[in-house]
Amino acid sequence: MIERVFPALARLNEEQHAAATFEGDQLRILAGAGTGKTTALTARVAWLVDSGIQPERIMALTFTRRAAREMVHRTATLLAESSASTRSRRRSRVLGGTFHSVAHRALRRHAAAVGLPEGFSMLDSGDAADVVDMVRDEHGVAKAGRRFPRKATLLDVYSRAVNTQRPLSVVIDEVAPWCVEHLEAIADICRGYVARKRLLGLVDFDDLLLYWRAAAADDRLGPRLASEIDHICVDEYQDVNALQVDVLRALRRTDPRLTVVGDDSQAVYGFRGASPRHLLDIATVFPSIATILLERNYRSVQPILDVANAISDGAPEGFMTRLHTTAVDGARPQLVRCGDEDAQVDAVCDRILAHREEGIALREQAVLVRAAHHSDLLELELSRRRIPYVKYGGLRFLEAAHVKDLICLFRLADNPRDELAWFRLLQLVEGVGPVRARRAIEALGVDQPGTDAEILMRWPLAAEQLPAPSRRTADAFIVALRRADGESIGAHGERLRDALSPLIAAAYTDASARLADLDALTTAAHSAIRLSDVAADLTLEPPSSTGDLAGEPAIDEDWLVISTVHSAKGLEWDVVHVLNAADGNFPSDMALTSKEGLEEERRLFYVAMTRPRRHLHVYVPLRFHYRPRGRDDDHTFGQPSRFLSEHVTQCFDTSTATCAESPPVVSIDAGIRVGVELEALWS
DNA sequence: CAGAGCCGCCTTTTT
DNA sequence: GGCGGCTCTG
């Protein structure tokens, strides 16, 4: 019996079991929140492995990093479990990750074949905006004196056009109609942006997918890539965009085997060009695909599902799935009206600690917010009460200036054409500003034909553009950039760090913490194949704190989770606190310009409501400060979220939180995690 | 020309 | 509060 070999299968219900052991080539699993999507998908991976496919020939893809991590982790656990009970199969993992990280791995192996330099530079969104801005400046649009879209807007329309595979004019009509008069100029800038990246060996997030698709569609390379994979699994398929569908189609053109899982009522990445239509209409791309529905919820007690279903009732077209469970008993969700944001913060902390007294650990509780900054006040109070927490979606390690500096050095070591990195690096030198940096880069000729080595040989010319006292420092960087014969990657990384360290030490009073960050980065270089990989990995998978980079600090420590709703998708906790359920915050007023925007907010609200297993608390502050951190007392009155209709509110017990005078400072366990304290450091 | 300092603007979600 | 763009000074 296969169940004896696979305990995982025995734990599944009938539908999940049918999905996991489906014998056909192509399967779509449509499943509501908490119905065991990932369980079914990971069980399917285990089943595929048992039926003879090697794990590393199964590709597991998702859109978000957290979902990818979850999936990779769960399949690894399951495979370890099954290999322990069967023959001693060698430990191996599925080929998994986000679309972007898997694309990156493929491109590093086949860079030359798709026309990329070996050590291409990976741009984060800030870098990409800077490249757009360079092109924008060259077009002289600012001089025209007329209002012209800013770099962020330009990058947004460019990215949307690429990801939805629709013409720029259509995208602009839809998301930035006020830019229509500049269509021609914007198109020029997009072309210039593409050309510039190509010339300098730069790759942005969207390029990862574009090049991957090109590789998969190529007559020579495509079959090779396809032949390395027996089965592709895609989780959160409602979040894929047209470009990602293209990639899948190209990878599956000879071997059809594919499993996708998704829930149209949790589609919340429209702003990235995703559309739930790809899930619902998948048969237009993969005509022979079969469908299995999962509707029984295993996560939440019925009173919580009642809220979810009531929200679904409010959607103009309703959601496809209606959730039900056999766990009919349970606490009614709590709707907590708060006088203002301070009262909200107190109410949240009090309830968190009360649940903890009941025996629900902090790590079984989460605070969810629509926008990352919504938790700012709460974080202050948590620190004051010494309640440890980890925040997902806050300030990133990568955004700290000194980290970015070393990353740029790592990028330059492999790609001397990286104009962006040069521009940043040169300005680190005292006496060098934007003008001299630009002249030096001009002298290097990063955009001239020829070999990479020739660029560094032109350095003496570039140095002439710098004031004499600056040259020594700059020269030291150039020396460090050259990798010595037979030198290891780790040793090279150390020399680059040593070149940068004195500048960091001189520039900051808190230099020791920053130098420690550089050490952590350098350590990562020791196990890398290229320094540009270290840079790219950090861009694709930024750690949420220094602690993460150095390794998990204290494993048995208990901490609360704070997360954006977007990052919380696919996850669950015993207790969930949802903050700022007020109109303008949730739904965000930024999204209210279109009907689609509002519906996406509704699905996001639905995602938030379906995260808890046992306890749901929704907080509605009615009075807001205009400026969240402002010292003044300017405030405005808000309305409860429009999603909290009469029909929905009936599913809650409503209470009003009174403003506590001065809540006692309750100190628990160990101190705050490192990431928390670092936030202040990087301000 | 670099760099300090000031003013006004904005402020979502992720790879 | 924070950032980008601007002006003023050395």
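In what follows, chains carry the letters A, B, and so on, assigned in the order in which the sequence lines appear, proteins first and then strands, with residues in each chain numbered from 1. What you see is a predicted model; the values in this text were computed from it and never measured.
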Distance-only check: which donor-acceptor pairs under 3.5 Å involve side-chain atoms of residues 425-436 of chain A, not counting sequence neighbours?
{"residue": "Gln427(A)", "atom": "NE2", "partner": "Phe423(A)", "partner atom": "O", "Å": "3.0"}
{"residue": "Arg436(A)", "atom": "NH1", "partner": "Gly431(A)", "partner atom": "O", "Å": "3.0"}

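In this model, the phosphate group of dT14(B) is approached by a side-chain N or O of Thr564(A) to a distance below 4.0 Å at OP1 or OP2. Regarding contacts with the backbone of dT14(B), a side-chain N or O of Ser567(A) is found under 4.0 angstrom from either OP1 or OP2. Distances shown here put every side-chain N or O of Arg65(A) at or beyond 4.0 Å from the OP1 or OP2 atom of dT14(B).
In this structure, the NE2 atom of His100(A) is 4 Å from the C1' atom of dT15(B), given to the nearest Å. Look at CG on Asn580(A): it is 13 Å from C1' on dT12(B), rounded to the nearest Å. For the pair Arg136(A) CZ and dG5(C) P, the computed distance is 8 Å after rounding to whole Å. For Glu236(A) and dT14(B), the CD to C1' distance is 13 Å, given to the nearest whole Å. Put simply, CG on Leu538(A) is 14 Å from P on dT15(B), counting in whole angstrom units. Look at CG on Leu61(A): it is 13 Å from C1' on dT15(B), rounded to the nearest Å. Rounding to whole angstrom units, CE of residue Met590(A) and P of dT14(B) are separated by 14 Å. One can place CG of Leu209(A) at 17 Å from P of dT14(B), the figure rounded to the nearest angstrom.
Nearest-nucleotide mapping onto DNA chain B: of Phe99(A) and Glu430(A), the residue sitting toward the 5' end is Glu430(A). With DNA chain B read from its 5' end, the first of the two nearest nucleotides for Phe205(A) and Ala437(A) is the one closest to Ala437(A).
Between Phe605(A) and Phe586(A), the ring center distance clears the sub-6.0 Å criterion. Less than 6.0 angstrom separates the ring centroid of His566(A) from the ring centroid of Tyr269(A).
Listed nucleotides dT14(B), dT15(B), dT12(B) differ in distance to Phe271(A); the shortest reach to its side chain belongs to dT14(B). Ranking dA2(B), dT11(B), dT14(B) by closeness to the Arg150(A) side chain, first place goes to dT11(B). Candidate nucleotides dT11(B), dA2(B), dT14(B) were compared by shortest atom distance to the side chain of Pro434(A), and dA2(B) ranks first. Side chain of Arg370(A), nearest nucleotide from dT12(B), dT14(B), dA2(B): dT12(B).
Within 4.0 Å (heavy atoms only), Gly270(A) reaches no atom of the nucleic acid at all. Residue-level contact check: Val432(A) touches the backbone only, with heavy atoms under 4.0 Å from sugar-phosphate atoms and none from bases. If you check every strand for non-hydrogen atoms under 4.0 Å, Ser101(A) touches nothing.
One N or O on the side chain of Arg66(A) and one on the backbone of Ser567(A) form a donor-acceptor pair closer than 3.5 Å.
Using a 3.5 Å distance cut-off with no hydrogens or angles, the side chains of Lys391(A) and Ser375(A) do pair a donor with an acceptor.
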